[in-house]
Trainee: 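So that we are looking at the same thing, I have put the structure below in structure tokens.
Start at 1 with the first residue, then count along the sequence.
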Amino acid sequence: MNPPSRRDLLRVGAVASAAVLCPFPVSAAAPPADGVPPLGPVRVRPDDRRYADLVRRGNRRFVGTPDEVRVVGSTEQVVAAVQDAVRTGRRVAVRGGGHCFEGFVDDPAVRMVIDLSGLTDVYHDPRRFGFAVEAGATLGEAYRRLFLGWGVTLPGGSCPGVGVGGHITGGGYGRLSRLHGLVVDHLYAVEVVVVDSGGTVRAVVATREPTDPHRDLWWAHTGGGGGTFGVVTRYWFRSLPSPPARVRDFTVTWPWAGLDEPGFHRLAGNFGRWCAHNSAPDSRGRHLYGELVLSRPQAGGHTLAGQVPHGSRHLLDELVRALGDGVGVTPTVSAQTLPWLTATLGGHSDDGKGWRLKVKSAFHRAPLTERQLHAAYRHLTRDSDLPAGSLSLNTYGGAINAVASTATATVQRNASMLLFYLAGWTDPAADPRQLAWIREFYRDMYADTGGVPPDGAYVNYPDVDLTTATRPWPEVYFGSGYRRLQQVKARWDPRDVFHHDLAVRPPGH
């Protein structure tokens, strides 16, 4: 088994000038008129042969032990499941695609898991708001159905196996976001199963309309995280962008052989400078998405992977020249032009679920400093017996930065790079050393600001380590929007039914 990499293992993440409601005649129907769900409800208990799969769907570090897993196929089934959990006093969690990097669902305290495997439909809903995507669908299925049916897409993440449920509530970042914004920038409405102060469970539809009395619930799901306010069952989008007809997929590798520390500094520094110069909403470089994976020497080299519309392929040549300036080694370049859907659905077979993982992240406005570059070099070249670690520098900004930080619950609207720190391994005995390596790496990178990103900088992935950091989790993830999210929590989940280690806490907690 090869070590996991950012490209092969964990591709996860009001502004779209090309957005359309529906460019082709609506031919797809809404869900079946008889209302019969395609699946569920199914109650899977520990003695069921399906149980072992349903409690181990993500990071191998975490395995759940719930009393039951409720596999559902309709909003009504979700309402019934949550009502059962409330009535019996059991802690409940919800699972979509199963790609969470922390153990929020597979927590020993969780006694009922609601699995959304039966809520996977993607359709045009003329009776309501436009394009409907059920919360149990994967990104790959949403891309396929939306594009083949109407020629549009969500500007979301690049791993087809990721579930839309948690991805959208976290903001929804991907290869088209620099052109068309985050997925939540196109979100019109959300259906959520909530619990009131008396313990009654019901489904609520909240829209972005200023006059909607439920609008605060919509806003909370534009970056406030999943499983915090209720169970999302459905999303609606009234405008979605059209993707390019053809894209240029590329991989550029600079070998470790012959690359000294100054050359490493130049490569990573050049990438940061390019991102800083191309992060404005009107930047020409917003058409290009790329991630530079800085790997350990055992991996053989550092890899730039990404995508650019075929008509803007000259941007790749310019980027390769800019990144190679002063590096001292010659890269190998591989590129091919593909239809957009083929490129989007192909080549990502490893979803990371066979690995024990720990990840960290940070948004950056500026290139890495010389001190940070030295820290990155040192941690990537030490501990040679722990080969599967990397730091990815990802392009950010563009259309994302055209949206006000208060317009959605996603406050990261002024960054140029997203950094992704990864440790992956298979042996449980290696947990202490692997966790120590990535934690020390992260603390060293931000040693000037107490081991966490500085004021005004945020993180993108759940990270329980930050609950005791100098800047606590709510501040480095939700920023100034946290108090508003607490108010939403108090209104829509006053009993705190939906909670985990990093969930929004009610006021006073």
Trainee: Write down the atom of P367, the atom of A276, and the distance for their closest heavy-atom approach.
Mentor: CD-CB, 4.2 Å

Trainee: If I take atom OG1 from residue T395 and atom CZ from residue R286, how far apart are they, to the nearest 0.5 angstrom?
Mentor: 13.5 Å

Trainee: Is the number of heavy atoms from other residues, nucleotides or ligands within 6.0 Å of CZ (R246) greater than 12?
Mentor: no

Trainee: R57 vs D106, test: salt bridge (Lys or Arg N to Asp or Glu O under 4.0 Å). Steps then yes/no.
Mentor: CA-CA 9 Å; R57 300 274 299 282; D106 299 319; over 6 Å; no

Trainee: Search all heavy atoms of V488 against all heavy atoms of A220 and return the closest pair with its distance.
Mentor: CG1-CB, 3.7 Å

Trainee: Can you tell me how far CG of L294 sits from OH of Y421, rounded to the nearest 0.5 angstrom?
Mentor: 10.0 Å

Trainee: Okay, side chain of R266, backbone of D325: is any donor-acceptor separation there less than 3.5 Å?
Mentor: yes

Trainee: What's the separation between atom CG in L418 and atom OH in Y461, rounded to the nearest 0.5 Å?
Mentor: 5.5 Å

Trainee: Evaluate the side-chain proximity of T153 to F147: yes if any heavy-atom separation is below 4.5 Å, no if none is.
Mentor: no

Trainee: Any carboxylate oxygen within less than 4.0 angstrom of a Lys/Arg side-chain nitrogen, looking at R495 and D196?
Mentor: no

Trainee: Taking the side chain as C-beta and beyond, is there a heavy-atom pair between L466 and R471 under 4.5 Å?
Mentor: no

Trainee: From H287 NE2 over to L316 CG, what is the distance, rounded to the nearest 0.5 angstrom?
Mentor: 14.5 Å

Trainee: Report yes if some heavy atom in the side chain of L419 is under 4.5 Å from a heavy atom in the side chain of L393; otherwise report no.
Mentor: yes

Trainee: Quiz question: by atom type and distance under 3.5 Å, do the side chains of R313 and H310 form a donor-acceptor pair?
Mentor: yes

Trainee: Enumerate the residue pairs fulfilling salt bridge (charged side-chain N to carboxylate O under 4.0 Å, His left out) with a member in residues 137-159, sequence neighbours excluded, ordered by first and then second residue.
Mentor: D121-R145, E141-R144, E141-R145

Trainee: Just do the side-chain contact (heavy atoms from CB on, under 4.5 Å) check on F101 and V464 with the steps written out, would you?
Mentor: CA-CA 10 Å; F101 293 129; V464 294; over 6 Å; no

Trainee: Tell me the closest heavy-atom pair linking V79 and R202, and the distance in Å.
Mentor: CG2-C, 4.4 Å

Trainee: Output yes when D216 and R484 qualify as a salt bridge under the 4.0 Å nitrogen-oxygen rule, no when they do not.
Mentor: no

Trainee: Is it the case that the side chain of D185 and the backbone of L182 share a donor-acceptor pair, with hydrogens and angles ignored and the cut-off at 3.5 Å?
Mentor: yes

Trainee: Look at the rings of F478 and W473 and say which category their plane angle falls in: under 30° parallel, 30 to 60° tilted, over 60° perpendicular.
Mentor: perpendicular

Trainee: Do you know which of V231, V205, V193 makes side chain to side chain contact (heavy atoms under 4.5 Å, CB included) with T75?
Mentor: V193

Trainee: Do the side-chain N and O atoms of N394 and S392 include a donor-acceptor pair separated by under 3.5 angstrom?
Mentor: no

Trainee: Does any part of the side chain of S242, heavy atoms only, come nearer than 4.5 Å to the side chain of W150, both counted from C-beta?
Mentor: no

Trainee: For a 4.5 angstrom cut-off between non-hydrogen side-chain atoms, does V105 reach V94?
Mentor: no

Trainee: Determine yes or no for a side-chain-to-main-chain donor-acceptor pair under 3.5 angstrom, with R413 supplying the side chain and I400 the backbone.
Mentor: yes

Trainee: Taking all atoms of both residues into account, what is the closest heavy-atom pair of P244 and L176, and its distance?
Mentor: CD-CD2, 4.1 Å

Trainee: Using side-chain heavy atoms (C-beta onward) and a distance below 4.5 Å, is N401 in contact with S279?
Mentor: yes

Trainee: Any idea which heavy atoms bring M445 and L368 closest together, and the distance?
Mentor: CE-CD2, 4.1 Å

Trainee: Looking at A409, is its backbone amide N or carbonyl O close enough to the side chain of T222 to form a donor-acceptor pair, meaning the two atoms are under 3.5 Å apart?
Mentor: yes

Trainee: Between the main-chain N or O of G156 and the side-chain N or O of Y143, is there a donor-acceptor pair closer than 3.5 Å?
Mentor: yes

Trainee: Walk me through whether D496 and D493 qualify under side-chain contact (heavy atoms from CB on, under 4.5 Å).
Mentor: CA-CA 5 Å; D496 199 21; D493 186 23; 4.1 Å; yes

Trainee: Would you say S283 and R178 are linked by a side-chain donor-acceptor pair, where the criterion is simply a distance under 3.5 Å?
Mentor: no

Trainee: Strictly distance-based, threshold 3.5 Å: is any side-chain N or O of W492 a donor or acceptor partner for the main-chain N or O of H214?
Mentor: no

Trainee: How many angstroms lie between atom OG of S405 and atom CD of Q412, to the nearest 0.5 angstrom?
Mentor: 10.0 Å

Trainee: If you apply the rule side-chain contact (heavy atoms from CB on, under 4.5 Å), what do you find for D465 with K358, and how did you get there?
Mentor: CA-CA 10 Å; D465 294 346; K358 178 62 181 177; 3.4 Å; yes

Trainee: Treating H277 as the side-chain partner and G285 as the backbone partner, does any N or O pair qualify as donor plus acceptor under 3.5 Å?
Mentor: no

Trainee: Quick check: closest heavy atoms across A189 and T207, and the distance to 0.1 Å?
Mentor: CB-CG2, 3.9 Å

Trainee: Are V183 and Y235 side-chain neighbours, meaning at least one heavy-atom pair lies under 4.5 Å?
Mentor: no

Trainee: Side chains of S416 and R365: do they bring a donor and an acceptor to under 3.5 Å?
Mentor: no

Trainee: Run the salt-bridge test on D125 and R238 with the 4.0 Å N-O cut-off and return the result as yes or no.
Mentor: no

Trainee: What is the distance from atom CZ of R505 to atom CG of L485, rounded to the nearest 0.5 Å?
Mentor: 13.5 Å

Trainee: Is a side-chain donor-acceptor pair under 3.5 Å present for D444 with H379?
Mentor: yes

Trainee: Within the distance-only criterion (no hydrogens, no angle test), does the side chain of Y477 pair as donor or acceptor with the backbone N or O of P472 below 3.5 angstrom?
Mentor: no

Trainee: Take H364 and Y446, measure what ring-ring contact (aromatic ring centres under 6.0 Å, His included) needs, and give me the verdict at the end.
Mentor: CA-CA 11 Å; H364 284 237; Y446 306 105; 5.7 Å; yes

Trainee: Less than 4.5 Å apart, side chain to side chain, heavy atoms only: is that true for D317 and R321?
Mentor: yes

